[in-house]
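Residue numbers start at 1 and run along the sequence shown.
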Amino acid sequence: MGYLLLSIIALCAGILGSLVGLGGGVILIPATLFFGINLGFFPDITPQRVVGLSVIMMIFIGLSSTISYMRSKQVDFISGLIFFIGSAPGTMLGAWLNKGLDIDSFNLYFGFLLIVLSTILFVRDKLKPINWFIDHGLKRSFTDRQGQSFEYGYPIWFAVLFSFFVGMISGLFGIGGGSLLVPAMVLLFRFPPHVAVATSMFMVFLTSLVNSMSHIYLGNIPWHYTIPVIVGAYVGAKLGSALNKRLKSKTVVLVLQIVMVLIGIQSILEGLF
């Protein structure tokens, strides 16, 4: 029963993670902690072990999503590699910091992080566009299937520094970095939402490879749970990628906001009570 439940959780994580570029950790981690600790389905689970499990899952979500998004030419590989340069060492630092968190602190900090990010996305349409990053950095362009052209960009030095911070948060909470990176790509760098999601999943794949090595070294991987999680996540990521291509950009951002608010509130309540 426990393995089937994990597969279902991973399937949902793969769908939502690939759909909005989060990587799936924001679904897997709170759900596994709730069913594992509160309901006793996975009595040997800890914050450190569930983060390790999440990191392994995101390798396959990232791979599955990237392959799907490559076919529709939505992945900006150059930007993804630039972000990876900063995020790779950041994930190693975050994985090391993770060992000092207990379950209540983990849930509380994790929940507040998601609420802050969802609030930023909620008010983004009321904020004035920030063109400084485009004007003072590497310029990129994208034309969607409807023929609409977008220009976006960022200073490379800023992208590397910011992605280091994103990588540290990713390694600390096991969330894939997309929950921080996608809002920044949309709000600051003016990425089209679909390109931001697709490029984020490419970076999630690369970062998770590095992050997994850190957690394997630290002994944080519950290997007996990995197979059902990998299968569910891979299938879910395929479904999420297909759904993303059919939705409008505003719908993708709305789904992202709703998911982050609900999970953030649930995590804060878990941490407090």
Side-chain angles (χ1 to χ4, degrees), residues 13 16-18 20-29 51-52 54-55 57-59 61-62 65-66 75-98 101 106 109-121 124 130 133 137-138 140 152-191 193 195-215 253 256-257 259-260 263-264 267:
L16 286 172
S18 179
V20 296
L22 296 184
V26 294
I27 306 296
L28 180 81
I29 290 172
V51 167
S54 175
V55 167
M57 176 192 73
M58 286 186 296
I59 293 175
I61 288 182
S65 301
T66 300
V75 182
D76 184 341
F77 288 103
I78 292 177
S79 295
L81 290 172
I82 290 173
F83 294 140
F84 176 66
I85 291 172
S87 66
T91 58
M92 296 179 187
L93 176 60
W96 180 79
L97 293 173
N98 171 269
L101 283 179
F106 181 92
Y109 299 149
F110 184 68
F112 277 119
L113 173 65
L114 294 185
I115 293 296
V116 169
L117 293 174
S118 61
T119 302
I120 292 173
L121 280 175
R124 78 183 185 98
I130 301 175
F133 295 95
L138 176 68
R140 308 287 292 159
Y152 58 98
Y154 46 84
I156 294 178
W157 65 267
F158 183 87
V160 171
L161 286 177
F162 183 78
S163 58
F164 175 84
F165 173 73
V166 169
M168 184 180 68
I169 298 299
S170 171
L172 179 61
F173 291 108
I175 57 176
S179 55
L180 279 173
L181 188 61
V182 171
M185 291 166 78
V186 173
L187 292 171
L188 301 180
F189 307 151
R190 312 291 292 167
F191 271 69
V195 177
V197 169
T199 305
S200 170
M201 295 312 299
F202 172 57
M203 200 203 75
V204 162
F205 169 64
L206 296 178
T207 304
S208 297
L209 288 174
V210 176
N211 203 358
S212 65
M213 296 176 190
S214 301
H215 284 283
V253 174
L256 175 62
Q257 289 174 248
V259 170
M260 291 171 73
I263 296 175
S267 293

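Partners of F165 by side chain to side chain contact (heavy atoms under 4.5 Å, CB included), not counting sequence neighbours, listed by chain and number: M168, I169, L180. Partners of F133 by ring-ring contact (aromatic ring centres under 6.0 Å, His included), not counting sequence neighbours, listed by chain and number: F158, F189.
Closest of all the heavy-atom pairs between S65 and M201 is OG-CE, 3.7 Å. Nearest heavy-atom pair, I59 versus S212, reported as atom, atom and distance to 0.1 Å: CD1-OG, 3.7 Å. The two atoms that bring V55 and S208 nearest to each other are CG1-O, 3.6 Å, heavy atoms only. The two residues M92 and V210 come nearest to each other via the heavy atoms CE-CG1, 3.4 Å.
If you take OG on S54 and CD1 on I29, they are separated by 4.0 Å, rounding to the nearest 0.5 Å. Rounding to the nearest 0.5 angstrom, the gap separating the OG1 atom in T66 from the CD1 atom in I61 is 11.0 Å.
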Hey, can you pull the donor-acceptor pairs under 3.5 Å for the side chains in residues 77-89, sequence neighbours left out?
from: S79; atom 1: OG; to: D76; atom 2: OD1; distance (Å): 3.4
from: S79; atom 1: OG; to: D76; atom 2: OD2; distance (Å): 2.8
from: S79; atom 1: OG; to: Y154; atom 2: OH; distance (Å): 2.5
from: S87; atom 1: OG; to: F83; atom 2: O; distance (Å): 3.3
from: S87; atom 1: OG; to: F84; atom 2: O; distance (Å): 3.3
from: S87; atom 1: OG; to: T207; atom 2: OG1; distance (Å): 3.1

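Side chains of P193 and V197 form no contact here, defined as non-hydrogen atoms less than 4.5 Å apart.
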